[in-house]
Amino acid sequence: MVVLFGKVGRVSDARKLFDGLVGRDMVRWTAMLSCYEQNEMFHDAPEIFGQMRVEGVGMDVVVVVVVSVLSACANLLAMKEGELIHGLSVRIGIESYVNLHNALIHMYSRCGNIRAARSLFDASHLLDQISWNSMISGYLNCGSIEEARNLFNSMPTKDIVSWSAMISGYAQHDHFSETLVLFHEMQLQGIRPDETTLVSVISACTHLAALEQGKWIHTYIKKSNLKINTILGTTLIDMYMKCGCVENALEIFQGMEDKGVSSWNAVILGLAVNGLVEESLDKFSEMKRCGVAPN
DNA sequence: ATAGGGTTAG
């Protein structure tokens with residue numbers, strides 16, 4: 001009920017209900033917090049954390065909840081609110097939990113405050129793989145490819161996420177040849193790409209009109225039994241359509257289990273730019289029949 | 001109810 005009130009914007013009703021509850025467990029605390037989150041009322045969250053402490057909730061539980069709020073701030077690019085939570089974490093003495101520390105690095109880097117992220121990173125004696133990967137993706141996101149690459153080179157160990165973050169950084173900032181070069185290097189190191197890695201690599205192939213390499217990756221996907229999810233499928237459709245291989249694109253589309261609006265868009269657009277106007281309009285009708293709302 | 005990092009297109 002608390003969550004329900006939150007979903008329809010009746011926050012004060014949710015709070016009244018919450019205050020009247022006897023015996024507040026983890027479910028109820030997070031329900032109240034998600035209610036504030038959904039209504040972007042981050043300023044009210046600290047009080048809830050304070051109450052959790054008064055009622056004797058364990059620190060590790062508080063950390064999980066604070067991390068989830070920070071993660072919401074990162075997704076919403078809500079840095080002011082994230083800073084508020086940061087200050088609160090320091091006050092209640094949980095800033096040195098490694099998960100929390102990483103959630104802070106991620107929040108700042110995703111919000112574009114790369115300096116704040118870096119100073120947490122530099123000051124820390126508890127860096128793990130995730131801290132490094134968050135920093136790399138932060139540099140990406142803000143277009144500092146050189147810094148990202150320097151950090152990447154100096155990483156003690158690189159996992160699949162580190163490689164994918166660096167590869168997608170190149171792809172997102174139009175460094176398509178570097179994308180393919182790094183992908184090649186990754187394979188030489190014996191790291192097997194997954195669906196996420198391949199999305200960036202296929203996108204680079206599309207921009208370079210490197211159809212043969214793109215086809216090689218498609219074969220690799222089939223051979224490795226990787227699942228063609230919505231994003232991967234859409235990326236493949238886009239590649240085949242831009243290279244004029246309409247049949248291959250349609251084959252991918254038909255085989256996809258979940259077709260998001262983006263997959264429909266890629267097909268509709270692809271048919272149109274290949275001169276198949278009627279087919280494009282047919283697909284548009286089919287999409288609406290399937291209950292997918294156009295955007 | 002929640003639990004830290006990488007994914008497409010226009």
Side-chain angles (χ1 to χ4, degrees), chain A residues 1-4 6 18 24-38 60-75 97-110 117 120-121 126-141 148 152 155 158-172 179 186 191 193-207 226-239 241-242 249 252 256 260-270 272-273 294-295:
Chain A
M1 199 60 192
V2 171
V3 174
L4 208 60
F18 174 80
R24 297 195 281 213
D25 59 7
M26 192 60 192
V27 176
R28 292 169 184 174
W29 288 111
T30 47
M32 193 59 229
L33 277 167
S34 82
C35 182
Y36 284 137
E37 259 177 64
Q38 293 216 343
D60 47 343
V61 173
V62 176
V63 169
V64 170
V65 176
V66 177
V67 162
S68 78
V69 176
L70 277 173
S71 150
C73 293
N75 291 332
Y97 280 77
V98 68
N99 312 14
L100 191 104
H101 197 79
N102 286 336
L104 284 171
I105 293 176
H106 177 235
M107 183 276 295
Y108 281 120
S109 69
R110 199 175 132 79
L120 281 171
F121 182 86
L126 12 95
L127 297 176
D128 65 7
Q129 193 69 35
I130 293 182
S131 334
W132 284 82
N133 291 343
S134 298
M135 258 337 283
I136 304 237
S137 82
Y139 279 126
L140 304 181
N141 280 336
F152 178 80
M155 279 184 88
K158 302 176 182 68
D159 65 10
I160 180 74
V161 174
S162 329
W163 285 93
S164 302
M166 195 64 231
I167 286 171
S168 85
Y170 280 133
Q172 275 167 24
T179 307
M186 170 181 164
I191 314 281
D194 66 10
E195 293 87 342
T196 306
T197 328
L198 295 176
V199 166
S200 301
V201 179
I202 295 164
S203 165
C205 291
T206 306
H207 286 93
L226 293 174
K227 189 173 169 355
I228 300 193
N229 60 33
T230 309
I231 297 178
L232 184 56
T234 304
T235 312
L236 276 169
I237 291 169
D238 189 57
M239 177 196 76
M241 286 297 194
K242 292 211 174 138
I252 303 267
M256 282 169 69
V261 66
S262 60
S263 342
W264 286 97
N265 288 346
V267 167
I268 291 167
L269 177 71
V273 299
N295 67 6

Regarding A/I160, tell me which of base, sugar-phosphate or nothing describes its non-hydrogen contacts under 4.0 Å with the strands shown.
base
Measuring to OP1 and OP2 of B/dA9, would you say a side-chain N or O of A/S203 lies under 4.0 angstrom away?
yes
Measuring from the side chain of A/D194 (C-beta onward, heavy atoms only), which nucleotide among B/dG6, B/dG10, B/dA9 has the closest atom?
B/dG6
Tell me whether the side-chain N/O atoms of A/Q172 come closer than 4.0 Å to OP1 or OP2 in B/dT8.
yes
Gap between atoms CG and C1', on A/L226 and B/dT8 respectively (whole Å):
16 Å
Provide, to the nearest angstrom, the distance between the CD1 atom belonging to A/I136 and the P atom belonging to B/dG6.
12 Å
Any side-chain donor paired with an acceptor under 3.5 Å for A/N265 and A/S262?
no
Salt bridge (charged side-chain N to carboxylate O under 4.0 Å, His left out) partners of A/K242, counting only residues at least two apart:
A/D238
Spacing between A/Q129 atom CD and B/dG6 atom C1', to the nearest angstrom:
12 Å
Using a 4.0 Å heavy-atom cut-off, does A/V61 contact any base of the nucleic acid, only the sugar-phosphate backbone, or nothing at all?
nothing
Quick one: which of B/dT7, B/dG6, B/dA9 gets closest to the side chain of A/S164?
B/dG6
Set of residues satisfying ring pair (Phe, Tyr, Trp, His ring centres under 6.0 Å) with respect to A/F152, sequence neighbours excluded
A/W163
Check whether any side-chain nitrogen or oxygen of A/K158 sits under 4.0 Å from OP1 or OP2 of B/dG6, and answer yes or no.
no
Do A/V64 and A/S68 have side-chain heavy atoms sitting under 4.5 Å apart?
no
Integer-rounded Å distance: B/dG6 C1' and A/M135 CE
15 Å
In whole angstrom, give the distance that lies between atom NE2 of A/H207 and atom P of B/dT8.
10 Å
Contact class for A/S263 (heavy atom, under 4.0 Å): base, sugar-phosphate, or nothing?
nothing
Would you classify A/S68 as touching base, sugar-phosphate or nothing, given that sugar-phosphate means primed atoms plus P, OP1 and OP2, and contacts are heavy atoms under 4.0 Å?
sugar-phosphate
Please determine whether a side-chain nitrogen or oxygen atom of A/S200 lies at a distance below 4.0 Å from atom OP1 or OP2 of B/dT7.
no
Regarding A/S262, tell me which of base, sugar-phosphate or nothing describes its non-hydrogen contacts under 4.0 Å with the strands shown.
base
Options B/dT8, B/dG6, B/dA9, nucleotide nearest the side-chain atoms of A/N265
B/dA9
Is the shortest heavy-atom distance from the side chain of A/H207 to the side chain of A/T179 under 4.5 Å?
no
Rounded to the nearest angstrom, tell me the gap between atom CG in A/N75 and atom P in B/dA3.
9 Å
In this structure, how many angstroms lie between the C1' atom of B/dT7 and the CG atom of A/N229, rounded?
8 Å
Stepwise, does the side chain to side chain contact (heavy atoms under 4.5 Å, CB included) test hold for A/L232 with A/K227?
CA-CA 8 Å; A/L232 184 56; A/K227 189 173 169 355; over 6 Å; no
By the 4.0 Å heavy-atom rule, please label A/T235 as base, sugar-phosphate, or nothing.
sugar-phosphate
As a test of reading the structure: which of B/dT2, B/dT8, B/dG6 is closest to the side chain of A/H106, going by heavy atoms?
B/dG6
Just how far, in rounded Å, is P of B/dA3 from CG of A/L104?
15 Å
How is A/V65 classified with respect to the nucleic acid when contacts are heavy atoms under 4.0 Å: base, sugar-phosphate, or nothing?
nothing
